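The next block holds one structure in the form of structure tokens; read it before the comments.
Computed from a prediction, not measured in an experiment: that's the story for all the values here. In what follows, residues are counted from 1 in the order of the sequence shown.
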Amino acid sequence: MLEDVWIKRGNEYVLERVDLQLYPGDFACIYGRSGSGKTSLLRVLALVERPARGRVVLEGRDYSSSRDTERAQARARLIGYIPQHDNIINQLLVWENIALPLLLHGLREEEALEKARRLASTLGIDTLLYRRPRSLSGGQRRRIAILRALIKDPIMLVADEPLTGLDDELIRVVYKIFYQHSNNGKIVIYATPDTTEQPPCTRVFGIRARRLVEE
């Protein structure tokens, strides 16, 4: 998936010589302190950014040097991305934010709404579907971002510190949802700086001295 990848921030490399091969069913957790390069790594995996060097391969195709339109199409088709900051669109209703990936691909509004409603009930925000996100708490917005990434059933879910603002019960529910996603033959990549977090990972990685190391 990543082959000899080097990632820069400004004029400095934050990650060097990264090799990462993930398989269907993997739930991979990446631990690293703030500033270690976790977010940069996940943005490269999610095809949001390009590496300075190396190959990013999904379904046998190298996207490290492909055109922006091809990368955007692959991201929309293959990847569910939960960024560190939720990127919720305040002008849309909650259900429209959750269902946005489906609406952009032409699914009828009635079908998209029903899928959003079913998914929203798993995280307890099905009563908020007709609200505007600007009126919601940070934890509620976080749940919208999680559901938006899941609604298209992506082959790879990339989650960057996804639990901000969630209580212990919701955290357990999110862990269960992520585990079920990987158990259905998909890939989950989860990053956190908190070594006390214990998601049900099948593989664990750490970032040390600009290298990704499997524990």
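- If you chain together hydrophobic residues whose side chains sit under 4.5 Å apart, L119 and I171 fall into the same group.
- Between R211 and E16 there is no salt bridge, since no side-chain nitrogen of the basic residue lies less than 4.0 Å from a carboxylate oxygen of the acidic one.
- One hydrophobic cluster, built from ILVMFWY side chains closer than 4.5 Å, cannot hold both Y190 and F205; they sit in different ones.
- Between E12 and K8, no side-chain nitrogen of the basic residue sits less than 4.0 Å from a carboxylate oxygen of the acidic one, so the salt-bridge criterion is not met.
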CA sep, side-chain torsions, deciding dist, call: E59, I155, side chain to side chain contact (heavy atoms under 4.5 Å, CB included): CA-CA 10 Å; E59 292 195 323; I155 69 165; 4.0 Å; yes
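- R117 and D126 are not joined by a salt bridge, as no carboxylate oxygen comes within less than 4.0 angstrom of a charged side-chain nitrogen.
- Look at E96 and R148 and you find no salt bridge, because none of the NZ, NE, NH1 or NH2 atoms lies under 4.0 Å from a carboxylate O.
- Residues I207 and S36 approach most closely at CG2-O, 3.4 Å, considering heavy atoms.
- Here the side chains of L45 and L20 are in contact, with some heavy-atom distance below 4.5 Å.
- Minimum interatomic distance between I88 and N97 (heavy atoms only, all atoms of both residues): CG2-OD1, 3.5 Å.
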Verify side chain to side chain contact (heavy atoms under 4.5 Å, CB included) between I189 and M156, making sure each step is shown before the conclusion. CA-CA 8 Å; I189 306 163; M156 186 168 73; 3.6 Å; yes
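- Without hydrogens or angle criteria, E161 side chain to T192 main chain gives no donor-acceptor distance under 3.5 Å.
- A donor-acceptor pair under 3.5 Å is formed between the side chain of N90 and the backbone N or O of R134.
- Side-chain contact of D4 with W6: a donor-acceptor pair under 3.5 Å is present, judged by distance alone.
- Side-chain atoms of R61 never come within 3.5 Å of backbone atoms of V56 as a donor-acceptor pair (strictly under, hydrogens ignored).
- Of all heavy-atom pairs between A145 and D86, the closest is CB-CB, 3.9 Å.
- A pairwise comparison of heavy atoms in I98 and A116 identifies CG2-CB, 4.0 Å as the closest pair.
- In this structure, I146 and P162 approach most closely via the heavy-atom pair CD1-O, 3.7 Å.
- S182 places none of its side-chain heavy atoms less than 4.5 Å from the side chain of I187.
- The closest side-chain heavy-atom distance from L136 to I144 is below 4.5 Å.
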Can you check side chain to side chain contact (heavy atoms under 4.5 Å, CB included) on Y23 and R203, steps first, answer last? CA-CA 11 Å; Y23 304 94; R203 298 175 68 186; 3.9 Å; yes
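- A salt bridge between E3 and R17 is absent, with no side-chain N of the basic residue lying under 4.0 Å from a carboxylate O of the acidic one.
- Formation of a donor-acceptor pair under 3.5 Å by the R50 side chain with backbone atoms of S64 is found in this model.
- A donor-acceptor distance shorter than 3.5 angstrom exists from the side chain of R71 to the backbone of Y63, with no hydrogens or angles considered.
- Looking only at distances, a side-chain donor or acceptor of K152 sits under 3.5 Å from a matching main-chain atom of I79.
- Judged purely by atom type and a 3.5 angstrom limit, D160 has no side-chain atom pairing as donor or acceptor with the backbone of T39.
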L93/R132 under side chain to side chain contact (heavy atoms under 4.5 Å, CB included): CA gap, chis, key distance, verdict: CA-CA 5 Å; L93 298 173; R132 300 282 180 186; 3.8 Å; yes
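- No more than 12 heavy atoms of other residues, nucleotides or ligands lie within 6.0 Å of CD in E109, so this atom counts as exposed by the packing criterion.
- Side chains of I177 and L123 form a contact here, defined as non-hydrogen atoms less than 4.5 Å apart.
- Side-chain atoms of D167 come within 3.5 Å of backbone atoms of E169 as a donor-acceptor pair (strictly under, hydrogens ignored).
- Taking 4.5 Å as the limit, every side-chain heavy atom of V173 sits out of range of all side-chain heavy atoms of L166.
- In this structure, L150 is a member of the same hydrophobic cluster as L163, with clusters built from ILVMFWY side-chain heavy atoms closer than 4.5 Å.
- Counting heavy atoms from C-beta outward, Y179 and P199 have side chains that stay 4.5 Å or more apart.
- Side chain of Y31 to main chain of E197: a donor-acceptor pair is present (N/O by atom type, distance under 3.5 Å, no hydrogens or angles).
- A single hydrophobic cluster is not seen to contain both I151 and V158; linkage of ILVMFWY side chains at heavy-atom distances under 4.5 Å, directly or through other members, places them apart.
- Side chain of H181 to main chain of P154: a donor-acceptor pair is present (N/O by atom type, distance under 3.5 Å, no hydrogens or angles).
- Side-chain contact between L147 and I125 is present, with heavy atoms from C-beta onward closer than 4.5 Å.
- Inter-residue side-chain proximity for F178 and Q180 is flagged as unmet; no heavy-atom pair is nearer than 4.5 Å.
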